[in-house]
*Asks:* 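Quick one: structure below, then a few questions.
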There are 2 protein chains.
Amino acid sequence: MTTTIEDVAQAAGVSTATVSRALRGLPNVAPSTRDHVRQVAEALNYAIDSHASRLASGRSTTIGIVMPLADQWFYNRVSTSAEAVLSAGGYDVLRYSIAAPEEQTEALRRLISGKRVDGVLIINLALANADVSLMAEGTLPVVTIETDTGKFPAIGCNNVAAAQTATRHLINLGHRQIGLISGLPDDPMHFAIPLEREQGYRQALAEHGIEVRPELNVPGNFSFAGGAEAMAQLLSIHHPPTGVFALSDEMAIGALKTIRDVGLRVPEDISVIGFDDHDVAAYVGLTTIRQPVAGYGEQAARLLLARLSGEKAAGESRIELPTQLIVRDTTGPCREKGE
Amino acid sequence: MTTTIEDVAQAAGVSTATVSRALRGLPNVAPSTRDHVRQVAEALNYAIDSHASRLASGRSTTIGIVMPLADQWFYNRVSTSAEAVLSAGGYDVLRYSIAAPEEQTEALRRLISGKRVDGVLIINLALANADVSLMAEGTLPVVTIETDTGKFPAIGCNNVAAAQTATRHLINLGHRQIGLISGLPDDPMHFAIPLEREQGYRQALAEHGIEVRPELNVPGNFSFAGGAEAMAQLLSIHHPPTGVFALSDEMAIGALKTIRDVGLRVPEDISVIGFDDHDVAAYVGLTTIRQPVAGYGEQAARLLLARLSGEKAAGESRIELPTQLIVRDTTGPCREKGE
DNA sequence: AGGTGTAATGTAAGCGTTTACATATTAACG
DNA sequence: CGTTAATATGTAAACGCTTACATTACACCT
């Protein structure tokens with residue numbers, strides 16, 4: 001026996017229309033009426049049935065966030081910061097963590113065709129054409145983070161340039177044998193970021209005329225363990241690298257452990273640079289490329305909010321936020337004599 | 001111009017009732033009809049309007065997770081693991097991150113009285129009596145994690161005993177001056193966990209007849225920075241501790257940095273033990289108390305799912321999952337001669 | 001005083017499903 | 001072959017809101 005707007009209307013001695021208006025603070029309600037209705041509603045512990053409301057009004061004040069499995073620091077940080085601003089803007093958020101490409105299409109379908117939400121935020125997903133056109137055909141606002149579609153506003157950083165900066169840092173320190181701990185090539189989610197950063201790595205090598213040794217590029221899972229394993233492999237090759245660029249701080253920290261476990265010192269024997277500026281990075285002294293992770297979420301959320309409040313789509317197809325090299329203790333001059 | 005069930009019905013040449021039944025796989029639909037309807041729906045790119053469905057059926061296949069601000073590792077890990085099993089069970093999840101006690105009541109209200117969800121998962125919140133009775137008066141299934149209400153099933157660990165184990169570990173290594181990096185006493189969210197762990201710490205000291213020095217108990221924010229600051233304070237007191245128990249791994253890692261920054265060694269000069277077994281703990285060699293963080297989320301979610309599928313509430317008022325002392329490299333024998 | 005504009009409220013028609021109930025169809029049986 | 005019981009489908013009434021439109025009540029002009 002839950003309370004309906006009808007109950008409140010009766011108790012307050014007004015019509016349901018007035019209750020609806022009073023509760024939502026619409027104009028053309030006498031202040032005295034509004035206050036009275038609100039008091040009655042409060043006393044009855046009434047809350048608007050969001051589903052009925054959405055059905056009648058077409059608005060659900062809910063936005064959907066679709067992203068890869070959220071147990072990585074990066075994704076959680078991005079989505080959490082987005083959630084915070086969306087929540088402050090009066091929206092609820094429905095989070096879909098995607099573990100496989102099929103789930104992705106399914107989730108999008110439910111969100112969009114199912115009219116579950118008023119807007120969608122996509123974080124780092126490789127969207128199939130079908131997915132994109134599904135979203136593009138409606139009027140539903142969509143904003144993406146690190147996801148290029150050519151159709152929706154995208155927030156991110158310049159991964160190529162940032163990776164180039166990271167690699168150059170190592171080169172400038174005299175390193176010539178530079179290992180790369182990259183993403184898994186056969187990842188079913190087809191993430192674009194690892195590829196972009198790999199490209200930056202190669203460009204930096206190329207501009208300094210450094211030969212690319214394929215065995216120096218070892219794939220890893222984007223996790224502490226992934227980095228540790230990849231590093232073990234790098235250590236096992238013939239001419240191991242004197243500097244290593246890991247595509248995430250988690251991987252870099254994993255690599256650090258492997259290096260130290262075999263008795264090598266950082267940065268004296270091997271330099272390591274990561275990517276992200278993970279919360280913990282400063283505490284383990286990790287040199288890294290900082291990207292404004294929370295900023296992605298906040299900006300994207302604000303953009304979405306603007307769209308939802310009727311702002312016309314401007315031409316900002318892609319917003320690139322700045323990255324920054326943060327030098328700490330895990331990189332240093334190359335001690336090895338040039339060949 | 002979105003597709004409705006009516007459109008599908010017409011296109012398939014059946015009634016909306018049949019479409020509804022066919023799409024949901026209900027019995028009493030001829031297999032041929034079912035297949036046909038499904039094909040038509042697929043072709044029309046039709047998806048059930050979840051809000052209309054909820055309004056008519058009373059079920060929303062959505063569950064709400066209410067928890068403190070999600071940018072801490074622990075909360076994200078718990079909620080993410082819960083989300084994974086809920087999602088696999090066919091439920092969507094609405095996440096509410098609470099930053100202040102007022103938001104908490106507000107969120108609960110919206111969720112419960114607003115009939116937004118079919119069930120609620122509460123993570124580590126101090127519930128006011130009003131909150132509890134709001135939830136208790138309905139029939140909505142509620143499961144809690146590290147939140148004691150006496151009304152709903154609760155998942156967690158024995159924080160007192162676990163903290164006792166941590167402290168004893170230090171004591172067994174010969175430490176007598178044991179610092180505690182605890183929670184902020186004036187936290188508006190009134191978290192219970194820090195208090196419980198503090199109690200374990202005190203009990204361990206007491207059972208060994210060790211005097212409690214109040215200046216050895218310094219509050220900190222549950223973060224890397226919070227631990228670092230608290231440690232600085234511990235280092236500044238007259239007789240600094242030779243062993244430190246930080247109530248979270250993040251704080252412990254922050255403490256580690258402060259210790260090393262002043263030129264002290266771990267564990268030779270100071271031992272540090274944390275709590276959680278954070279992902280990164282193994283990679284920085286942190287001794288800690290492991291708690292099954294993902295397990296909390298999974299168990300709670302499963303319990304909720306069971307309730308939702310009509311299982312009667314059993315008597316499991318509180319389920320305590322085991323914790324475990326994980327000794328790594330940050331704790332060692334006390335070098336200081338006894339007084 | 002009659003007319004007009006504005007503010008406050010009420011009436012009732014949807015919104016897109018689900019589902020109890022009614023009906024039509026088919027199979028099974030004596 | 002008539003009767004009965006399933007089985008398959010249709011009809012239409014909710015579900016609890018929002019909102020276009022209608023109505024009422026005033027205050028302000030002229």
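Please read all numbers here as calculations on a predicted model, not as lab measurements. Chain identifiers are assigned alphabetically (A, B, ...) following the order of the sequence lines, protein sequences preceding nucleic acid strands; residue numbering begins at 1 within each chain.
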*Asks:* Can a side-chain donor-acceptor contact be found between A:Ser60 and A:Arg116 if the only test is distance below 3.5 angstrom?
*Replies:*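 Result is no, nothing qualifies.
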
*Asks:* Measure CD/B:Glu6 against P/C:dT17 and give the value in whole Å, please.
*Replies:*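 Roughly 9 Å, once rounded to whole Å.
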
*Asks:* Looking at B:Arg59, I'd like to know whether one of its side-chain N or O atoms comes within less than 4.0 Å of OP1 or OP2 on C:dT19.
*Replies:*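 True: B:Arg59 side-chain N/O within range (under 4.0 Å) of C:dT19 OP1/OP2.
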
*Asks:* Quick one about A:Asn76 and A:Thr80 (side-chain donor to acceptor, distance below 3.5 Å, no hydrogens or angles considered), yes or no?
*Replies:*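 Distance-only check passes for A:Thr80 and A:Asn76.
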
*Asks:* Is there any salt bridge (Lys or Arg N to Asp or Glu O under 4.0 Å) pair reaching into residues 17-45 of chain A, and which pairs are they, with sequence neighbours excluded?
*Replies:*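 Every pair satisfying salt bridge (Lys or Arg N to Asp or Glu O under 4.0 Å) with a residue in residues 17-45 of chain A: A:Glu42-B:Arg109.
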
*Asks:* For a quick test of reading the model: is some side-chain N or O of A:Ser53 closer than 4.0 Å to OP1 or OP2 of D:dT18?
*Replies:*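 Indeed, a polar side-chain atom of A:Ser53 lies that close.
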
*Asks:* Any donor-acceptor pair under 3.5 Å linking the side-chain atoms of A:Tyr296 with those of A:Gln291?
*Replies:*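 A:Tyr296 and A:Gln291 do have a side-chain donor-acceptor pair below 3.5 Å.
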
*Asks:* Report yes if the side chains of A:Ile123 and A:Ser79 come closer than 4.5 Å at any heavy-atom pair, otherwise no.
*Replies:*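 Yes - at least one pair of side-chain heavy atoms lies under 4.5 Å apart.
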
*Asks:* So does B:Ser57 get a side-chain nitrogen or oxygen closer than 4.0 Å to the phosphate oxygens (OP1/OP2) of C:dT17?
*Replies:*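 So the side-chain polar atoms of B:Ser57 never come under 4.0 Å of the phosphate oxygens OP1 or OP2 of C:dT17.
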
*Asks:* Using 4.0 Å as the upper bound for N to carboxylate O, is an ion pair formed by B:Asp118 and B:Arg54?
*Replies:*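 Here B:Arg54 does not pair with B:Asp118 in a salt bridge, since their nearest N and O are not under 4.0 Å apart.
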
*Asks:* With the criterion being N/O to N/O and under 3.5 Å, what pairs connect the protein with nucleotides 5-12 of chain C, and how long is each?
*Replies:*
unit_1	atom_1	unit_2	atom_2	d
C:dT9	OP1	A:Thr33	OG1	2.6
C:dT9	OP2	A:Ala30	N	2.9
C:dT9	OP2	A:Thr33	OG1	3.1
C:dG10	OP2	A:Ser15	N	2.6
C:dG10	OP2	A:Ser15	OG	3.0
C:dG10	OP2	A:Thr18	OG1	2.9
C:dG10	N7	A:Arg21	NH2	2.9
C:dG10	O6	A:Arg21	NH1	3.3

*Asks:* Would you mind reading off the distance between B:Lys115 atom NZ and D:dC15 atom P, rounded to a whole angstrom?
*Replies:*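 One finds 11 Å between P of D:dC15 and NZ of B:Lys115, rounded.
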
*Asks:* Taking only N and O in the side chain of B:Arg54, is any of them less than 4.0 Å away from OP1 or OP2 of C:dG16?
*Replies:*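 For C:dG16, neither OP1 nor OP2 has a side-chain N or O of B:Arg54 closer than 4.0 Å.
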
